[in-house]
Amino acid sequence: MSLRIVSWNVNSIRQRLDHVARFVAEWQPDVLCLQETKVRDENFPASDLAEMGFTHQVIRGQKAYNGVAILSRLPFEAQDHRIWCSKDDKRHLSVTLAGGSAGPIELHNFYVPSGGPTPDREANDKFGHKLDFLEEMAAWARVHARGRRLLLVGDLNVAPLENDVWNHKRLVRSVGHTPMESERMANLLEAGALTDVGRHFVPPDQPLYTWWGYRFPQSLERNYGWRLDHALASEPLHDALVRMEVVKATRAWEKPSDHVPLLVEIAT
DNA sequence: ATGGTGGTTGCACCA
């Protein structure tokens, strides 16, 4: 048996319902971790998702910005969230899934701050917030991820490796790919003894992207992508990793999200 | 040099 877990920044769940339905029909995921749902909880299209089979839902949204949700065919044994950087801005949710004979799996869904326009803590508060957020995640992972069967997924808004962006030299001073951010991401992995699932299946010398921006003309056709979406598995979960797929096809559908689904399959 | 949201329904804010 296996569990198919997906992370997808949908850039508004209400705008992307048809895409989610089509993706679910074609890829048959068991659990959806969504980011940037951009909707208050009372307006979340819960019944539409339930009709797709995701009757177990935990949602944390707000008006217009951010918002995360975990939608599942399987029941949760527990659900939780944390407040990061003292801001309750709806960037994190966690659930515990039964996970089979090897024991439960703790699944965490993150939407890390984008970081604003300039990679300068003094000139740009949003960049400082992002760095602080990543540091807080690392401190948390050091005490929480080790020794647990834990999978952390989400839009981490960092492309940490050279082949995680379409042009390293050109983008190394751009927010999302600076050494400051890449170091913090590496620290997060080290702190939690976490495996980068994307690079576990696709070696670092090959390009791997999950996001193609709207603003750059023909970014998809030219493959001007970034790997901003990630799955990180704790050491006790390492041997259960079966498969990873970046579902690039959705980016070419009509009116797409700028992010595509990241699918991880775990043996249970 | 696009897309989503909410609302000063034209435009500011966010990514």
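Below, chain A is the first sequence line, B the second, and so on; all start at residue 1.
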**Message:** Measure CD/Q15(A) against C1'/dA15(B) and give the value in whole Å, please.
**Reply:** 15 Å

**Request:** Would you indicate which nucleotide in dA1(B), dG3(B), dG4(B) comes nearest to any side-chain atom of Y214(A)?
**Result:** dG3(B)

**Message:** I'd like the C1' distance from dG6(B) over to dA1(B), given in whole Å.
**Reply:** 22 Å

**Message:** Before we go on, tell me: are the rings of H108(A) and W140(A) under 6.0 Å apart, centre to centre?
**Reply:** yes

**Prompt:** What integer number of Å spans the C1' atoms of dG10(B) and dG4(B)?
**Reply:** 16 Å

**Message:** Strictly distance-based, threshold 3.5 Å: is any side-chain N or O of K63(A) a donor or acceptor partner for the main-chain N or O of R40(A)?
**Reply:** no

**Fill in**
In whole angstroms, the gap separating P of dG4(B) from OH of Y111(A) amounts to 14 Å

**Prompt:** Taking for each residue the nucleotide of DNA chain B with the nearest heavy atom, is it N11(A) or P113(A) whose nucleotide lies nearer the 5' end?
**Reply:** N11(A)

**Prompt:** Which whole-number value in Å describes the distance from N157(A) CG to dA15(B) C1'?
**Reply:** 8 Å

**Prompt:** Separation of H259(A) atom NE2 from dG3(B) atom C1', in whole Å?
**Reply:** 12 Å

**Request:** Let me know, please, whether F216(A) or R16(A) comes out on the 5' side of the other along DNA chain B by nearest nucleotide.
**Result:** F216(A)

**Request:** Classify the side-chain pair E106(A)/H144(A) by whether it contains a donor and acceptor separated by less than 3.5 Å.
**Result:** yes

**Request:** Write down the partner of dT8(B) under the Watson-Crick or G-U wobble criteria, each distance required to be under 3.5 Å.
**Result:** none

For nucleotides 7-14 of chain B, print each protein N/O atom paired with a nucleotide N/O atom at under 3.5 Å, atom names and distance only.
unit_1 : atom_1 : unit_2 : atom_2 : d
dG7(B) : OP1    : K63(A) : NZ     : 3.4

**Prompt:** Using the P atom in both, what is the distance from dT2(B) to dG7(B), to the nearest Å?
**Reply:** 25 Å

**Item:** Cation over ring face, R22(A) and W253(A), 6.0 Å, 45°
**Value:** yes

**Message:** For E136(A), I'd like to know if atom CD has over 12 heavy atoms of other residues, nucleotides or ligands within 6.0 Å.
**Reply:** yes

**Message:** Within the supplied structure, the quantity of interest is the number of heavy atoms (other residues, nucleotides, ligands) at a distance under 6.0 Å from R170(A) CZ; does it exceed 12?
**Reply:** no

**Item:** Any R215(A) side-chain N or O less than 4.0 Å from OP1/OP2 of dG4(B)
**Value:** no

**Request:** Calculate the interatomic distance between K90(A) atom NZ and dT5(B) atom C1'; express it in whole Å.
**Result:** 17 Å

**Prompt:** In whole Å, what is the span from the CG atom of N9(A) to the P atom of dT5(B)?
**Reply:** 12 Å

**Message:** Nearest whole Å is fine: how far is dA15(B) P from W8(A) CH2?
**Reply:** 21 Å

**Message:** Using whole Å, what does the distance between atom P of nucleotide dG3(B) and atom CH2 of W212(A) come to?
**Reply:** 17 Å

**Message:** Please tell me whether D89(A) and Q62(A) have a donor and an acceptor in their side chains that are separated by less than 3.5 angstrom.
**Reply:** no

**Asked** When the P atoms of dA15(B) and dT9(B) are considered, how many whole Å apart are they?
**Response** 24 Å

